[in-house]
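Since the structure comes first, as structure tokens, the remarks are kept for the end.
Note that the numbering runs from 1 along the sequence shown for the chain. Read the numbers this way: they start at 1 and go in the same order the structure lists the ligands and their atoms. Just so you know, these numbers use all the heavy atoms, side chains as well, and skip hydrogens, waters and symmetry mates.
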Amino acid sequence: MTQPIYAAITGWGSCMPPAVLSNEDLSTFLDTSDEWIVTRTGMKERRISHVTATELATLAAKRALACADLDPADLDLIIYGGVSNEELCPNSASGVQISLGAANAASMDLNTACTSFCYGLAAATGMIRTGQVRNAVVIGTELISRYMDWDNRNVAVLFGDGSAAVVLEATENQEGMLASMLGCDAGARDTLRVRGFGCGYSGYGITLGDTFWDFDGQQIFKRAVMGMSRASKEVLAHSGLTADDISLVVPHQANLRIIESVAKYAQIPMDRVMLTVEKYGNMSAATVPVALVDALEEGRVEPNSWLLMPAFGGGLTYCSLLVKWGNRVTPLGHTNDQLPPCSESALTLVNQIRKNQDPHGRSKAGLLAPVFPEERLNRAYPVD
Ligand code: ACO
């Protein structure tokens, strides 16, 4: 009889854009205050990216691969989790694949909003455990600043940009994600909708930054607490574990008060909860992996310990993952690659987006110009 296969997390890396947008910056163009934002959400700062989502994701994946000492050419699968993809076709995972030089990988995007990384980790674990692939990179990346409704204080203060990735590899050791509970409170899908973002809005002359968020914060708050708490309870019961077995909770970080409620319901003290909400805000799909990488870098993940990862997102999707960490909590290697320097302040970048200017300085004509000259396309794919 063959040994069961597990999917160990062997590499991890994040890529945080350097420009910091403070609560004071937000109050220069919104009717809000540091006091309101800190009291209601626990957030003080968030990051605004000066580079594309693919650049963030590629560097996070490179760092994770170096950490695992895995050659990109040996990679079987890339899952790109997120909701702020630059394009729908070609997908974002293929953009990361070409930048990594991972010529032998399959590449797919996965969008369950803020839970995209966690759903991706569950999907990749399943594919490794059933032998379809031997390894995978799972990425959570968001560039929410580009489609934020910056004039809406209900949402503009809550989000930030960021990226992180993990490497999974097949192992006979019983570690990695050992249990998960995934769900979707679809009856509440209307509580969070980004209007203007998606092909359903095509033909209405909508341009970059022209989005309007339908956002029922109080409903989302209640349902997030319910969904994450139920999923965490089920995943622990299914595994025969209790709250005392969990060494660290690495939750989605949409609001400090949501996290405190979930921890209280699970009877896990806050000193066993990883918090990044104060410095990064809510980075949607990037939130959980960035918090995981920070936890590892701060020495908060102990060898052979149990981690719980509850999350929720638009849809309203929710989940909780139970992860058994392996022996190693330090990287095998590093890459020297860095993001290009950022010459603008976060507030300048945001003001460019608010004026519908492209922060990369590209013109609309340039963005819409074909990659291949028309005659080359006709030659390669003759119409008649
Ligand atoms: N600054 C100042 N005042 C504000 C701001 C702001 N940025 N935003 C809202 N207000 C005002 C409102 O207009 C309202 O004023 P009113 O009483 O005169 O009408 C008042 O503050 C209170 O608003 P509430 O919505 O009652 O505030 P609440 O305590 O519920 O906090 C919040 C709002 C932070 C959005 C909270 O409901 C929340 O965290 N919800 C869930 C988090 C969430 O939805 N995150 C994103 C989901 S996406 C994801 O992560 C998957």
Handout entry: ligand 1 versus Phe221: contacting region, heavy-atom distance under 4.0 Å
Key = both
Handout entry: Closest approach of any protein heavy atom to atom 50 (O) of ligand 1, naming residue and atom
Key = Asn282 ND2, 2.7 Å
Practice task
Flag the pair Cys114 / Thr287 as yes when at least one side-chain heavy-atom distance between them is below 4.5 Å, and no otherwise.
Solution key: no
Practice task
If the plane angle is over 60° it's perpendicular, under 30° parallel, otherwise tilted; pick one for Trp150 and Phe29.
Solution key: perpendicular
Practice task
Check the side chains of Thr112 and Thr317 for a donor-acceptor pair under 3.5 angstrom, ignoring hydrogens and angles.
Solution key: no
Exercise for the section: Take atom 17 (O) of ligand 1 and look for protein heavy atoms under 4.0 Å from it; say yes if you find one, no if not. Expected result: no
Problem - Heavy-atom protein contact below 4.0 Å for atom 27 (O) of ligand 1 - result: yes
Handout entry: Any Leu30 heavy atom less than 4.0 Å from ligand 1
Key = no
Practice task
List every atom of ligand 1 that sits less than 4.0 Å from any heavy atom of Ile258, numbering the atoms from 1 in the order shown and giving each element.
Solution key: 41 (C), 42 (C)
Problem - Per-atom contacts of ligand 1 with Asn154, taking only distances under 4.0 Å to non-hydrogen atoms - result: 8 (N), 9 (C)
Handout entry: Any Ala113 heavy atom less than 4.0 Å from ligand 1
Key = no
Exercise for the section: Answer with side chain, backbone, both or neither: which part of Phe159 has a heavy atom less than 4.0 angstrom from an atom of ligand 1? Expected result: side chain
Practice task
Indicate whether the side chain of Thr348 and that of Asn351 have a donor and an acceptor atom separated by less than 3.5 Å.
Solution key: no
Fill in the blank from the handout: ligand 1 to Ala254, heavy atom cutoff 4.0 Å, flagged ligand atoms 45 (N), 50 (O)
Fill in the blank from the handout: If you scan protein heavy atoms around atom 20 (C) of ligand 1, the nearest is Trp36 NE1, 4.3 Å
Completion exercise
In short, ring pair (Phe, Tyr, Trp, His ring centres under 6.0 Å) pairs touching residues 307-342 with sequence neighbours left out are Trp12-Trp325, His252-Phe312
Practice task
If you have a sec, work out which protein heavy atom is nearest atom 43 (C) of ligand 1 and how many Å separate them, to one decimal?
Solution key: Phe215 CZ, 3.5 Å
Exercise for the section: Report yes if Gly217 has an N/O atom closer than 3.5 Å to an N/O atom of ligand 1; otherwise report no. Expected result: yes
Handout entry: Whether Gln174 side chain and Tyr6 backbone form a donor-acceptor pair below 3.5 Å
Key = no
Practice task
Any chance you could lay out the salt bridge (charged side-chain N to carboxylate O under 4.0 Å, His left out) test for Asp294 and Lys279, step after step, and finish with the verdict?
Solution key: CA-CA 12 Å; Asp294 272 19; Lys279 56 182 179 174; 3.0 Å; yes
Exercise for the section: Using a 4.0 Å heavy-atom cut-off, say whether Leu192 meets ligand 1 through its side chain, its backbone, both or neither. Expected result: side chain
Completion exercise
Gly313 heavy atoms within 4.0 Å reach ligand 1 at atoms 51 (C)
Fill in the blank from the handout: Taking only non-hydrogen atoms of Thr41 and a 4.0 Å limit, the atoms of ligand 1 in range are 34 (C)
Handout entry: Heteroatom proximity flag, Gln218 to ligand 1, N/O under 3.5 Å
Key = yes
Fill in the blank from the handout: Closest heavy-atom pair, Phe117 versus Ala285, reported as atoms and distance to 0.1 Å, is CB-O, 3.3 Å
Handout entry: Gln97 versus Ser107, side-chain donor and acceptor atoms under 3.5 Å
Key = yes
Handout entry: Verify atom 22 (C) of ligand 1: protein non-hydrogen atom under 4.0 angstrom away
Key = yes
Exercise for the section: Kindly say whether Ala53 contributes a backbone atom to a donor-acceptor pair with the side chain of Glu86 at under 3.5 angstrom? Expected result: yes
Fill in the blank from the handout: Taking only non-hydrogen atoms of Cys114 and a 4.0 Å limit, the atoms of ligand 1 in range are 48 (S), 49 (C), 50 (O), 51 (C)
Practice task
State if Ile37 counts as touching ligand 1 under the rule of any non-hydrogen atom under 4.0 Å.
Solution key: no
Fill in the blank from the handout: For Val157, the atoms of ligand 1 under 4.0 Å from one of its heavy atoms are 7 (N)
Problem - Check: Thr10/Glu169 side-chain N/O donor and acceptor closer than 3.5 Å - result: yes
Exercise for the section: Check the side chains of Asn104 and Asp76 for a donor-acceptor pair under 3.5 angstrom, ignoring hydrogens and angles. Expected result: no
Exercise for the section: Determine yes or no for a side-chain-to-main-chain donor-acceptor pair under 3.5 angstrom, with Arg257 supplying the side chain and Phe221 the backbone. Expected result: no
Practice task
Just jot down the ligand 1 atoms closer than 4.0 angstrom to any heavy atom of Asn255, in number order.
Solution key: 34 (C), 36 (C), 38 (C), 39 (O)
